[in-house]
Amino acid sequence: MRLVLLGPPGAGKGTQAHRLAEKYGVLLVSTGDLFREHSRRDTHLGRQARAYMDRGELVPDEIVLSMVLARIGAPGAAGGFMLDGFPRTLNQAEALEESLEEWGLELTAALDLELDEEIVVKRLTARRVCSSCGRPYNVELSPPAETGVCGSCGGELVQREDDREDVVRRRLEVYERETASLVEFYEQRGLLRRIDGDGTEDEVTERAEAALRG
Ligand code: AMP
């Protein structure tokens, strides 16, 4: 199974990508997580990406593309993959399509998680993530048992720099401008599966599975 996950920031792509990748036994490639990991380790790539991420802007295509295509072209992706946060521009979607064609592969589907913009802003500004293991919490809906402490590993919970409200609004503008048109791109290819992103994690996973069966 080779899947792309679309939808605005805050729609729950990261959560669903983890669940679905595990369920289908495919390699999870999350570009945001990869950039954050590089940023934490202060690598050259991490320093390049951080400046864009902290402003809510997209990292330039050539940086993203070399990172992603190397992963999905590697033997670890032979059993399939789930792309979270990629593609985000038409240029990225076309480059992905060309590479898959070269390798004689096809996408199975593009899942689009739909969610109203005001719900997105509420979700993202209430989000805290563990600085150690990355597990996300919502301070209103799913707070940790002990304030500020990760229930999984005891790490410190922090707010992502780009989850501040002004940056969230900027990310949504960038989504509308650069990424929203990919829904049409995949619809034209008969690959699009729309899913309502409002509901519990389990409900949304069930909808995704049903959409992939159907
Ligand atoms: P995310 O965790 O998916 O919201 O990604 C966080 C940030 O990483 C984005 O706001 C971008 O700055 C950067 N990023 C992640 N994926 C991409 C991509 N495919 N193209 C460009 N920038 C990206």
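Whatever order the structure lists them in is the order used to number ligands and atoms, beginning at 1.
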Handout entry: Short N-O contact, Arg40 and Glu37, less than 4.0 angstrom
Key = no
Handout entry: atom 11 (C) of ligand 1 [closest protein heavy-atom partner, distance rounded to 0.1 Å]
Key = Glu57 O, 3.5 Å
Completion exercise
Minimal heavy-atom distance between Gly73 and Trp103, with the atoms involved, is CA-CH2, 3.6 Å
Exercise for the section: Would you mind running through ligand 1 and noting each atom that sits below 4.0 Å from a heavy atom of Arg171? Expected result: 4 (O)
Handout entry: Lys13 and ligand 1 - part of the residue with a heavy-atom distance under 4.0 Å
Key = neither
Exercise for the section: Measure the distances from the heavy atoms of Arg160 to every atom of ligand 1 and state whether one is below 4.0 angstrom. Expected result: yes
Practice task
For Asp163 and Thr125, test the side chains for any donor-to-acceptor distance below 3.5 angstrom and give the result as yes or no.
Solution key: no
Problem - NZ or CZ of Arg50 within 45° of Tyr52 ring axis and under 6.0 Å - result: no
Handout entry: For atom 19 (N) of ligand 1, closest protein heavy-atom neighbour
Key = Gly85 O, 2.9 Å
Practice task
Consider ligand 1: state whether an atom of it lies below 4.0 angstrom from any non-hydrogen atom of Arg36.
Solution key: yes
Problem - Arg88 N/O to ligand 1 N/O under 3.5 Å - result: yes
Practice task
Have a look at ligand 1 and work out which part of Val59, if any, has a heavy atom under 4.0 Å from it: side chain, backbone, both or neither.
Solution key: both
Practice task
Could you check atom 20 (N) of ligand 1 against the protein and tell me its nearest heavy-atom contact, residue, atom and distance included?
Solution key: Gln92 NE2, 3.0 Å
Handout entry: Identity and distance of the protein heavy atom lying nearest atom 16 (N) of ligand 1
Key = Thr31 OG1, 2.7 Å
Fill in the blank from the handout: Minimal heavy-atom distance between Ala49 and Phe35, with the atoms involved, is CB-CD2, 3.6 Å
Problem - Any N or O of Leu58 closer than 3.5 Å to N or O of ligand 1 - result: no
Exercise for the section: Check Met67 against ligand 1 and report side chain, backbone, both or neither, counting heavy atoms closer than 4.0 Å. Expected result: neither
Practice task
Would you tell me whether Arg19 and Thr205 have side-chain atoms, one donor and one acceptor, within less than 3.5 Å of each other?
Solution key: yes
Practice task
Compare every heavy atom of Pro87 with every heavy atom of Leu182, then report the nearest pair and how far apart it is.
Solution key: CD1-O, 3.3 Å
Practice task
Give a yes or no on whether a salt bridge exists between Glu114 and Arg194, defined as a side-chain N under 4.0 angstrom from a carboxylate O.
Solution key: yes
Problem - Ion pair check, Asp112 and Arg193, cut-off under 4.0 Å - result: no
Exercise for the section: Please indicate whether any nitrogen or oxygen in Tyr52 is less than 3.5 Å from any nitrogen or oxygen in ligand 1. Expected result: no
Problem - Heteroatom proximity flag, Asp33 to ligand 1, N/O under 3.5 Å - result: no
